[in-house]
Amino acid sequence: MQLNFTKMNEYSTKIYNLIIEAFPDLVGQNKQGTELLEFHIENEYKSALGDLYIQTDDDNKIWLRATSPYTTYHIDSPEELFYILEGLIFNELFWVVSYEDNDWDDTFLILKEQEIKTEEGFTYKILSWNGKDDKIIEA
């Protein structure tokens, strides 16, 4: 089911329609009456990662973020968005937030079985959708 919102800009409407085609359960979970797209996907596990948000911006870019701090990620294409969403929700892909002396350093995604390269003096916080694979690595 494709919808066209008169208030949402053309790019946001296009991305909305692609998302709904791929994930029909998301109908109605987007913020209404705005020019830019914002979907809110509630995390039923209430894990530290928190809820997910899919957003577009004025520069026609797609962003994915979670409630947890420093978990904003630029998405290159709708296909990449679908890959990442499925990976996160099925606990096959995790968010990693690294800190040096309690200051944010980097944010990236890893596959479930992937080893991460660590640097001495850094802390790595691994966040999963259901919270069962969350961990902290002190290097």
Non-hydrogen atoms of Thr118 and Ala139 that approach each other most closely
CB-CB, 3.7 Å

Counting neighbours of CD on Glu115 that are heavy atoms of other residues, nucleotides or ligands and sit closer than 6.0 Å, is the number greater than 12?
no

In one Ile/Leu/Val/Met/Phe/Trp/Tyr side-chain cluster, 4.5 Å: Trp63, Leu36:
no

Can you see which heavy atom on Ile15 is nearest to which on Pro78, and at what distance?
CD1-CG, 3.9 Å

Aromatic ring proximity, centroids under 6.0 angstrom, Phe23 and Phe82
yes

Ignoring hydrogens, what is the shortest heavy-atom contact between Thr72 and Thr107? Give both atom names and the distance.
O-CG2, 4.4 Å

Is Ile84 linked to Phe94 within one hydrophobic cluster, defined over Ile, Leu, Val, Met, Phe, Trp and Tyr using a side-chain heavy-atom separation of less than 4.5 Å?
no

For Thr71, which residues count as a side chain to side chain donor-acceptor pair (under 3.5 Å) partner, sequence neighbours excluded?
none

How long is the straight-line distance from CD of Gln55 back to OG of Ser12, given to the nearest 0.5 Å?
10.5 Å

May I ask you to test the Tyr45-Trp129 pair for a side-chain heavy-atom distance under 4.5 Å?
yes

Does anything in residues 32-44 form a salt bridge (charged side-chain N to carboxylate O under 4.0 Å, His left out)? List the pairs, not counting sequence neighbours.
Glu42-Lys46

Any side-chain to backbone donor/acceptor pair from Asn43 onto Leu52? Under 3.5 Å, distance only.
no

Between Ser68 and Leu127, what is the shortest heavy-atom contact and its length?
OG-CD1, 3.5 Å

Is it possible for you to say whether Leu109 and Val96 belong to one hydrophobic cluster, with membership spreading through side-chain heavy-atom contacts below 4.5 Å?
no

Is there side-chain contact between Ile54 and Leu85, with at least one heavy-atom pair below 4.5 Å?
yes

Pairwise salt bridge (charged side-chain N to carboxylate O under 4.0 Å, His left out) hits with a residue in residues 64-79, at least two apart:
none

Under 4.5 Å between side-chain heavy atoms, hopping through other hydrophobics if needed: is there a path connecting Val27 to Leu81?
yes

Quick one: ring pair (Phe, Tyr, Trp, His ring centres under 6.0 Å) partners of Phe90, sequence neighbours excluded?
none

Using every non-hydrogen atom in the two residues, find where Leu88 and Trp95 come nearest and quote the distance to one decimal.
CD1-CZ3, 3.6 Å

Kindly say whether Asn9 contributes a backbone atom to a donor-acceptor pair with the side chain of Thr13 at under 3.5 angstrom?
yes

Phe39/Tyr16 under ring-ring contact (aromatic ring centres under 6.0 Å, His included): CA gap, chis, key distance, verdict
CA-CA 9 Å; Phe39 269 103; Tyr16 173 87; 5.5 Å; yes

Partners meeting side chain to side chain donor-acceptor pair (under 3.5 Å) with Glu138 (sequence neighbours left out):
Thr123

Side chain to side chain contact (heavy atoms under 4.5 Å, CB included) partners for Glu113, two or more places apart:
none

Check whether Gln32 reaches the backbone of Gly28 with its side chain - one donor and one acceptor, N or O, closer than 3.5 Å.
no

Mind checking what makes ring pair (Phe, Tyr, Trp, His ring centres under 6.0 Å) contact with Tyr11, not counting sequence neighbours?
none

Are the side chains of Val97 and Phe108 in touch, meaning some heavy atoms are under 4.5 Å apart?
no

Ring pair (Phe, Tyr, Trp, His ring centres under 6.0 Å) partners for Tyr124, two or more places apart
none

Classify the side-chain pair Ser128/Asp133 by whether it contains a donor and acceptor separated by less than 3.5 Å.
no

Cluster question for you: counting only ILVMFWY and a side-chain heavy-atom cut-off of under 4.5 Å, with indirect links fine, are Leu64 and Leu111 together?
yes

Given side chains that start at C-beta, do those of Leu26 and Ile41 come closer than 4.5 Å, heavy atoms only?
yes

Just to verify, what does Asp106 make a side chain to side chain donor-acceptor pair (under 3.5 Å) with, not counting sequence neighbours?
none

Answer yes if the side chains of Asn30 and His40 hold a donor-acceptor pair under 3.5 Å, and no otherwise.
no

Gap between atom CD of Gln114 and atom CD1 of Ile126 - 0.5 Å precision:
10.0 Å

Value rounded to 0.5 Å, distance of CD1 in Ile19 from CG in Leu37:
5.0 Å

Which residues pass the side chain to side chain donor-acceptor pair (under 3.5 Å) test with Lys61, not counting sequence neighbours?
none

Can you tell me which residue pairs pass the side-chain hydrogen bond (donor to acceptor under 3.5 Å, both in side chains) test with a partner in residues 81-93, sequence neighbours excluded?
none

Contacts of type side chain to side chain contact (heavy atoms under 4.5 Å, CB included), residue Asp101, not counting sequence neighbours
none

Tell me if the centroids of the rings in Tyr70 and Trp104 come within less than 6.0 Å of each other.
yes

